[in-house]
*Asks:* 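Questions regarding the structure given below will be posed in turn.
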Protein chains: 2
Amino acid sequence: MTQTPAFTPMDEPLDAFLCFSVYAAGLAFNRVYKPLLDPYGITYPQYLALVALSGKQGQTVSELGERLHLESNTLTPLIKRLEAAGLVTRTRDKQDERVVRLGLTQAGSSLAKTALGCVPAEVLKATGLNRAALAALNAELAALGKALRTTAAR
Amino acid sequence: MTQTPAFTPMDEPLDAFLCFSVYAAGLAFNRVYKPLLDPYGITYPQYLALVALSGKQGQTVSELGERLHLESNTLTPLIKRLEAAGLVTRTRDKQDERVVRLGLTQAGSSLAKTALGCVPAEVLKATGLNRAALAALNAELAALGKALRTTAAR
DNA sequence: AACGATTAAATCGCGTACGATATAAATAGC
DNA sequence: GCTATTTATATCGTACGCGATTTAATCGTT
């Protein structure tokens, strides 16, 4: 079990790759969230955006992108779908017309509140972890992401 | 720092979500891999498929899908791109014409060997982890993925 | 004031993911 | 032996994610 497996036929060469376990866990989270979010008519990335927006009103697209680690090429269409669904408002900043400020509508805010009231508990159950183990793993992964981003930026 | 954060304005509500740290780490891995794989002309998911195929010749699309946790709707186009690039062979099983058996070409096999010779070491560096810590985190994430998949299947 | 450089979003094209459906081959029941 | 069902793969439409480019507004310098 090494990160650089010997190049000989092996049953599951991907098992040794951390990137793959992250990739597979990401797919799996997506599949757990889907049935939980379908009733709200939003996708998993849209849910993450709503949660991020619920933290503070009037964030810019760039600020939201910093939180989600995404850029306007991904966010603009996603946000427009949330706007079309009546969950998010997009308004040009009067001081700087280049900037778009984002906010939750009443519907968006109440959807976020409702979803946050039950979805996370379901997801926690699905992980099979207790809160302490989850927090520990979360911290390790946050550190991993940070390390990877400093390298990727070079 | 709980999985169900109180619904009050907070700077980074996503920080408490394990799903988000997995999501963000997945994005970050993708960005670390891109410049490493660009010289080979393959994407990150294509790399994972090649590594999985390097484990055993003659796997079916379904078998590859079990390893990668993907289905034919995703894999068929991906595999066809690898075939068009001359890295993978697709042949209908003579015993059962429904089945497509996959193999690496000489070029695909040698690309996999070359890439596995240097890419994983670069990625390991980017994680900032030593092999033991990486293996431990990998095992935790593999278990997490497994738990999530058993729930998602219901 | 004017103009080149920078910045924030948006747009475009391509490659995943995935639900839903289609196609074709094998199997099961009768 | 024939039809109904099941199974393996493929196709299609939608939504990300991202490199590259575009558009429009602001800033910096003169």
Side-chain angles (χ1 to χ4, degrees), chain A residues 20 23-35 37-38 41-50 58-66 68-85 88 90-102 149 152-153, chain B residues 20 23-35 37-38 41-50 58-66 68-85 88 90-102 149 152-153:
Chain A
F20 179 67
Y23 170 83
L27 292 178
F29 263 123
N30 209 322
R31 289 164 195 173
V32 167
Y33 269 104
K34 187 148 320 201
L37 295 179
D38 271 348
I42 58 173
T43 66
Y44 175 48
Q46 288 169 10
Y47 170 74
L48 295 177
L50 288 179
Q59 290 180 78
T60 68
V61 173
S62 297
E63 284 166 2
L64 179 61
E66 280 170 35
L68 297 177
H69 306 297
L70 294 172
E71 293 176 28
S72 68
N73 53 2
T74 299
L75 285 177
T76 297
L78 186 153
I79 293 164
K80 284 189 172 176
R81 280 178 214 111
L82 291 174
E83 186 188 30
V88 164
R90 298 166 66 248
T91 41
R92 289 277 166 187
D93 188 305
K94 280 300 163 217
Q95 256 56 51
D96 185 343
E97 289 280 346
R98 292 173 302 180
V99 171
V100 170
R101 300 217 166 258
L102 307 171
R149 280 189 297 274
Chain B
F20 179 67
Y23 171 84
L27 292 179
F29 263 125
N30 210 322
R31 291 164 194 174
V32 167
Y33 269 104
K34 188 146 320 200
L37 295 179
D38 271 349
I42 58 174
T43 66
Y44 175 48
Q46 289 168 8
Y47 171 74
L48 295 177
L50 287 179
Q59 290 180 77
T60 69
V61 172
S62 298
E63 284 167 1
L64 179 61
E66 281 169 34
L68 296 177
H69 307 296
L70 295 171
E71 293 175 27
S72 68
N73 52 3
T74 300
L75 284 178
T76 297
L78 186 153
I79 294 165
K80 284 188 171 175
R81 280 179 212 110
L82 291 175
E83 186 188 29
V88 164
R90 298 166 67 246
T91 42
R92 288 279 166 185
D93 188 306
K94 279 300 162 219
Q95 257 57 51
D96 185 342
E97 288 279 346
R98 291 172 303 180
V99 171
V100 170
R101 299 216 166 261
L102 305 172
R149 282 189 295 275

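Below, chains carry the letters A, B, ... as their sequence lines are ordered, and counting in each starts from 1. Side chains are part of it too, since the values below use all heavy atoms of this structure and drop only hydrogens, waters and symmetry mates.
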*Asks:* Enumerate, atom names and distances included, each donor-acceptor pair closer than 3.5 Å involving a side-chain atom of residues 71-83 of chain A, sequence neighbours excluded.
*Replies:*
{"unit_1": "T76(A)", "atom_1": "OG1", "unit_2": "S72(A)", "atom_2": "O", "d": "3.0"}
{"unit_1": "E83(A)", "atom_1": "OE1", "unit_2": "R90(A)", "atom_2": "NH1", "d": "3.4"}

*Asks:* Could you tell me how far apart Y33(B) (OH) and dG19(D) (P) are, to the nearest whole angstrom?
*Replies:* 17 Å
*Asks:* Measure the distance from CG on L64(B) to P on dT9(D) and round it to the nearest whole Å.
*Replies:* 10 Å
*Asks:* Any base atoms under 4.0 Å from S72(A), or only sugar-phosphate, or nothing? Heavy atoms, all strands.
*Replies:* base
*Asks:* Return the set of residues passing salt bridge (charged side-chain N to carboxylate O under 4.0 Å, His left out) with E66(B) (not counting sequence neighbours), or none when no residue passes.
*Replies:* none
*Asks:* What is the separation between atom CG on L75(A) and atom C1' on dG17(D), rounded to the nearest whole Å?
*Replies:* 10 Å
*Asks:* Quickly work out the K34(A) NZ to dC16(D) C1' distance and round it to whole Å.
*Replies:* 10 Å
*Asks:* Respond yes when some side-chain nitrogen or oxygen of S62(A) is under 4.0 Å from OP1 or OP2 of dT7(C), and no when none is.
*Replies:* no
*Asks:* Any non-hydrogen side-chain atom of F20(A) less than 4.5 Å from a side-chain atom of L68(B)?
*Replies:* yes
*Asks:* Polar-atom pairs under 3.5 Å, protein N or O versus N or O of nucleotides 12-17 of chain C: list them with distances, or write none.
*Replies:*
{"unit_1": "dT16(C)", "atom_1": "OP1", "unit_2": "T43(B)", "atom_2": "OG1", "d": "2.6"}
{"unit_1": "dT16(C)", "atom_1": "OP2", "unit_2": "Q46(B)", "atom_2": "NE2", "d": "2.4"}
{"unit_1": "dT16(C)", "atom_1": "OP2", "unit_2": "R81(B)", "atom_2": "NH1", "d": "3.0"}
{"unit_1": "dT16(C)", "atom_1": "O5'", "unit_2": "R81(B)", "atom_2": "NH1", "d": "3.3"}
{"unit_1": "dA17(C)", "atom_1": "OP2", "unit_2": "Y23(A)", "atom_2": "OH", "d": "2.6"}

*Asks:* Nearest whole angstrom, please: distance from the P of dA8(D) to the CD1 of I79(B).
*Replies:* 15 Å
*Asks:* Tell me the interatomic distance from K80(A), atom NZ, to dT14(D), atom C1', rounded to whole angstroms.
*Replies:* 17 Å
*Asks:* Which residues pass the side-chain hydrogen bond (donor to acceptor under 3.5 Å, both in side chains) test with R92(B), sequence neighbours left out?
*Replies:* none
*Asks:* Less than 3.5 Å apart, which donor and acceptor atoms pair up between the side chains of residues 41-49 of chain B and the rest of the protein, not counting sequence neighbours?
*Replies:*
{"unit_1": "T43(B)", "atom_1": "OG1", "unit_2": "Q46(B)", "atom_2": "N", "d": "3.2"}
{"unit_1": "Y44(B)", "atom_1": "OH", "unit_2": "C19(A)", "atom_2": "O", "d": "3.2"}
{"unit_1": "Q46(B)", "atom_1": "OE1", "unit_2": "T43(B)", "atom_2": "N", "d": "3.1"}

*Asks:* On DNA chain C, nearest-nucleotide positions of T76(A) versus E71(B): which is more 5'?
*Replies:* T76(A)
*Asks:* Under the side chain to side chain contact (heavy atoms under 4.5 Å, CB included) criterion, do V100(B) and T91(B) qualify, and how do the steps go?
*Replies:* CA-CA 5 Å; V100(B) 170; T91(B) 42; over 6 Å; no
*Asks:* Are L70(B) and L27(A) packed together at the side-chain level, in the sense that at least one heavy-atom pair is separated by less than 4.5 angstrom?
*Replies:* yes
*Asks:* Report the residues that fulfil side-chain hydrogen bond (donor to acceptor under 3.5 Å, both in side chains) with R101(B), sequence neighbours left out, ordered by chain and then residue number.
*Replies:* D93(B)
*Asks:* In whole Å, I'd like the distance from the CG atom of D38(B) to the C1' atom of dA20(D).
*Replies:* 13 Å
*Asks:* So what does R92(B) touch, heavy atoms closer than 4.0 Å: a base, only the sugar-phosphate, or nothing?
*Replies:* sugar-phosphate
*Asks:* Restricting to non-hydrogen atoms, name the atom on R149(B) and the atom on A28(A) that form the minimum distance, rounded to 0.1 Å.
*Replies:* CG-CB, 4.0 Å
*Asks:* What is the distance, rounded to the nearest whole Å, between atom CD of E66(A) and atom P of dA9(C)?
*Replies:* 10 Å
*Asks:* Nucleotides 23-29 of chain C: which of its N/O atoms have a protein N/O under 3.5 Å away?
*Replies:*
{"unit_1": "dA26(C)", "atom_1": "OP1", "unit_2": "E97(B)", "atom_2": "N", "d": "3.0"}

